[in-house]
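One structure is given below, encoded as structure tokens.
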2 protein chains.
Amino acid sequence: MSRVECRLDGMSLRHALLGLLSERPASGYDLLKLFETSLATAWPATQSQIYTELTKLAGTGLITVAAEGPRGRKEYALTDEGLAELRHWLIETKPQRNTRSDILLRVFFLGVLTPEQAHGYLAELIELSDQGYQSLRRLEESVDWDDGGLSVYGRIALEYGLRFNAMRREWAEWAAGQIT
Amino acid sequence: MSRVECRLDGMSLRHALLGLLSERPASGYDLLKLFETSLATAWPATQSQIYTELTKLAGTGLITVAAEGPRGRKEYALTDEGLAELRHWLIETKPQRNTRSDILLRVFFLGVLTPEQAHGYLAELIELSDQGYQSLRRLEESVDWDDGGLSVYGRIALEYGLRFNAMRREWAEWAAGQIT
DNA sequence: AGTCTACATTCCACTCTTGACATGTCATTA
DNA sequence: TAATGACATGTCAAGAGTGGAATGTAGACT
């Protein structure tokens, strides 16, 4: 009740799991698959990370083991406390952390390469952006957009990815033109 | 010479430092300031991280203490080995790591909020993007673009930031329209 | 009956990153 | 001369994230 929880800024993985469980109960394995498909672009996570965090979340009562299945399968479900925590995370305006981009970081130092090599790097970026764009288009076609609550906002997140890749491609083309 | 260096994927901070030192020698303090200004958008780093990494880099011979100054100031300079490592990092096509974005992650779960609250979140994003854009515009005006090698590619990186923030603003406005 | 694939979890060792704490010096200016 | 602010470095604990190894079960197909 009156526990003093010194909530830190990070812990987005925790909230990603709560968010996915807010839709429907799922096992660690299910969640891993969901991360690989829907959340991969926003917040990639590995198997070991997910299972570790699930154990912690169950320990603090934000989720519970709702059912046990065939192969030692544990199906987790969100508790009321967990939903409250998820809402808190979404509403309480946590100043969002700066994103890191090693792609952009490299750009700063392209001056140590020859112009040809720099062009090569930008060409790679263009290809990468194209691939990202195409892969999202394929995802768009394969997903059933009449699904759950994730579908509305999942579609919005996907649009972000499309626009981002398009933007990056155009920028890289422009940048290539800037290098004599 | 024939050391077998099992280079891992990450360690971008290391290369960010090598990159900055490729321009001119600098102290930890100088580098901290450079991170705050030029590299802040691409790869934020804290003081403790920078000093720790500088010590490590000096230990492995990628940089050296070129001079000592007034207040225990140690001026580091890139060695030939360090330059080689920087070039290696830039050229050897390391598949770039996925970026994490808690901003985008939240979007997936806006369904647990009311439409009004979701609109509120998107409005925050619009404001954030505007602020980012304006702040980069101000940086653009304050920087001497006839400076060193960083200026050409620094300008290109800055353009990336401008386009990114503009894209995100437009996307958030579009997204707000998608929510009934 | 044997084999293969998908399902399913746990543990470990390591690096990266953050945020705070701790310490001290030089130059300016009030 | 005393205070202040910019300069300058170092250390530590804890959380976040990576990558791999180890283990085993259920179902489907041959």
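Reminder, nothing fancy here: chain letters follow the sequence lines and each chain counts from 1. No hydrogens, no waters, no symmetry mates; every other heavy atom, side chains included, goes into these values.
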Please give, in whole Å, the distance from [N] [atom2] to [X] [atom1]?
| X | N | atom1 | atom2 | value |
| --- | --- | --- | --- | --- |
| B:Glu53 | D:dT11 | CD | P | 15 Å |
| B:Leu13 | C:dT18 | CG | C1' | 13 Å |
| A:Asp102 | C:dT15 | CG | P | 20 Å |
| A:Arg100 | C:dT15 | CZ | C1' | 14 Å |
| B:Met11 | C:dT17 | CE | C1' | 15 Å |
| A:Gln49 | D:dA16 | CD | C1' | 7 Å |

For [X], what residues pass the salt bridge (charged side-chain N to carboxylate O under 4.0 Å, His left out) criterion, not counting sequence neighbours?
| X | value |
| --- | --- |
| A:Glu159 | A:Arg155, A:Arg163 |
| A:Glu53 | A:Arg14, A:Lys56 |
| B:Glu173 | B:Arg169 |

### side-chain hydrogen bond (donor to acceptor under 3.5 Å, both in side chains) partners of B:Glu170, counting only residues at least two apart
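Not a single residue meets the side-chain hydrogen bond (donor to acceptor under 3.5 Å, both in side chains) criterion with B:Glu170.
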### Task
Would you confirm whether B:Trp89, through its side chain, and A:Arg106, through its main-chain N or O, come within 3.5 Å as a donor-acceptor pair?
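No, because the side chain of B:Trp89 does not come within donor-acceptor range (under 3.5 Å) of the backbone of A:Arg106.
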### Nonpolar side-chain network containing A:Tyr51, other nodes, edges under 4.5 Å
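Traced through the cluster, A:Tyr51 reaches A:Tyr29.
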### Task
Sugar-phosphate atoms are those with a prime plus P, OP1 and OP2; base atoms are the rest. Using that split, label each nucleotide of nucleotides 7-12 of chain C B, S or - for protein heavy atoms under 4.0 Å, 5' to 3'.
BBBBB-
### Task
Answer with base, sugar-phosphate or nothing: what part of the nucleic acid does B:Arg14 contact at a heavy-atom distance below 4.0 Å?
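Since no nucleic acid heavy atom lies under 4.0 Å of B:Arg14, the category is nothing.
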